[in-house]
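What follows is one structure encoded as structure tokens, with my remarks underneath.
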Amino acid sequence: MDATGSIGQRDQDEPTRQAAVGDRFWVWFADEPSAFEVHLAETLTAFPKPELGQDNNGVFHVRAYSWRGRPEFTQEFLKAHLPRSIELPADGMIKFVTIDDKLEFSIPVETLSFSHSAEAGSIHVTARKLTLNDQTLMILASRQSDHDREAPALSGSLDALGLISLLSGNVLLGRCLFSSYFCTTRKKFLSGTLGVVGPSPVDWTPIKFADENPDSRLDARGDRTHAALWFAGLAFSANDNASKVVSYVTALEILTRKNIKNYLSHLYRKDSELHRTAIEKVLALLNLRGDLVHKGQRIVLSSELERFAQAFILDAIRENNKIASAGFAVQSLIEATRR
């Protein structure tokens, strides 16, 4: 199946240019729209019209969930349980769609890989194939501009999903069938997960675990070390900033017994510059977590701050396990920023 795409919001017919920081890659399959894609495009015509001056590029973010109920039950649920109108910060749409005939469609999935030299990258597009038959779907949709809105606002359609889940219980299956962008003008699913980001001075800063000592070993079977490494792995593999920040802070709380700032302040106390930079970075990390869980704000985790979070975890593991090292992991990052 052929794939095509463009950068940012530009049309395919516009002259191509060199990709710049902030540009985004949109990818879709070039074949004719499937019956489900045509049906979904028609469904999204009921979406509230944008106000004058609002971005209206015809791109939406769509989530679909399986609903345990035929049309009659669904209509009764809507009348008895949901308010007649739902006022949320951003326009959204909740729509129940009954699928009788077998419908097949594909959603593009992008992956980025690098050559052995780690200098040249390539984008691979594969098809995630789905089949729907004899079921009711709950469709949640939001404008792409609302879904991708910058901090501090929480965005997308998860607030609507939260309301439905509170009311429906297990009538709504919790696992999302698919979550993807969709273009109503092309009537095609889109992938927009990749874009161009600027380089960070700490991107290429591997950290040596310990001194050159043949007897050096790490026993990671201890509850705290094992749990911290588990949450560090969970954070690294997460696809969203909120999950990353919560997992990194959880790893640090486990290692420092919920006293992160005091622990690191004591650890780096002998070097004033190291101490100042470390406290500045860890407070920035903790503030992100606070903005998310206490203020309900959307957060953005930079690649540089993520690398510092990893260095804090590594330094705490070394300290707790009495592993000798010529310098702190955080020192390696500070030196990288000076180059």
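Treat the numbers as computed from the prediction; the structure is a model and nothing was measured.
- Side-chain contact annotation: His61 with Ser179, donor-acceptor N/O pair under 3.5 Å present.
- Side-chain contact between Ser168 and His81 is absent, with no heavy atoms from C-beta onward closer than 4.5 Å.
- Under the 4.0 Å criterion applied to side-chain N and carboxylate O atoms, Arg186 and Glu37 are not assigned as salt-bridge partners.
- Of the possible polar contacts, none joining the Thr111 side chain to the Ile123 backbone as a donor-acceptor pair under 3.5 Å is found.
- Salt bridge present: Arg289 and Glu253 bring a charged side-chain N and a carboxylate O closer than 4.0 Å.
- Trp67 is listed as a side-chain neighbour of Val171, based on a closest heavy-atom distance under 4.5 Å.
- Side-chain polar atoms of Glu306 and Tyr248 form a donor-acceptor pair below 3.5 angstrom.
- Here the side chains of Tyr181 and Val62 are not in contact, with every heavy-atom distance at 4.5 Å or above.
- Side-chain contact of Ser191 with Trp26: a donor-acceptor pair under 3.5 Å is absent, judged by distance alone.
- With salt bridges taken as basic N to acidic carboxylate O contacts below 4.0 Å, none links Asp271 and Arg276.
- Summarising the local packing, CG of Asp101 is surrounded by 12 or fewer heavy atoms from other residues, nucleotides or ligands at distances under 6.0 Å.
- Atom CG of Asp223 sits in a sparse spot, with 12 or fewer heavy atoms from other residues, nucleotides or ligands closer than 6.0 Å.
- Between Tyr65 and Phe96, a ring centre-to-centre spacing not shorter than 6.0 Å is recorded.
- Salt bridge Asp91/Lys49: absent, no basic N to carboxylate O contact under 4.0 Å.
- Side-chain atoms of Asp146 do not come within 3.5 Å of backbone N or O of Ser142 as any donor-acceptor pair.
- In this structure, the side chains of Leu285 and Phe308 stay at 4.5 Å or more apart for every pair of heavy atoms.
- The backbone N or O of Arg70 sits nowhere less than 3.5 Å from a side-chain atom of Thr136 that would complete a donor-acceptor pair.
- Defined by atom type and a distance below 3.5 Å, a donor-acceptor pair is missing between the side-chain atoms of Tyr263 and Glu319.
- In the displayed structure, Asn133 atom CG is contacted under 6.0 Å by more than 12 heavy atoms of other residues, nucleotides or ligands.
- No side-chain heavy atom of Ser34 sits less than 4.5 Å from a side-chain heavy atom of Lys188.
- Looking at heavy atoms from C-beta onward, Leu314 lies in side-chain contact with Ile207 at the 4.5 angstrom threshold.
- Side-chain atoms of Ser243 never come within 3.5 Å of backbone atoms of Asp240 as a donor-acceptor pair (strictly under, hydrogens ignored).
- Between the side chain of Asn259 and the main chain of Thr256, no donor-acceptor pair closer than 3.5 Å is present.
- Taking the six-membered ring where the residue is Trp, Phe36 and Phe189 present parallel rings, their angle staying beneath 30° rather than reaching 60°.
- To the nearest 0.5 Å, atoms CG (Leu267) and CG (Asn262) are separated by 12.5 Å.
- Expressed to the nearest 0.5 Å, how far CG of Leu274 lies from CZ of Arg269 amounts to 11.5 Å.
- Separation of the Phe47 and Phe60 ring centroids falls under the 6.0 Å cut-off.
- Residue Phe236 qualifies as open at atom CZ: its count of foreign heavy atoms under 6.0 Å is 12 or below.
- The CG atom of Leu158 lies 11.5 Å from the CG atom of Leu88; values are rounded to the nearest 0.5 Å.
- Asn320 and Thr225 are not linked by any side-chain donor-acceptor pair at a separation below 3.5 angstrom, with hydrogens and angles left out of the test.
- For the atom pair CD1 (Ile317) and NE2 (His226), the distance works out to 11.5 Å, reported to the nearest 0.5 Å.
- For Lys244 (side chain) and Ala235 (main-chain N/O), a donor-acceptor pair under 3.5 Å exists by modelled atom type.
- With hydrogens and angles left out, the side-chain atoms of His124 and Ser122 include a donor and acceptor closer than 3.5 Å.
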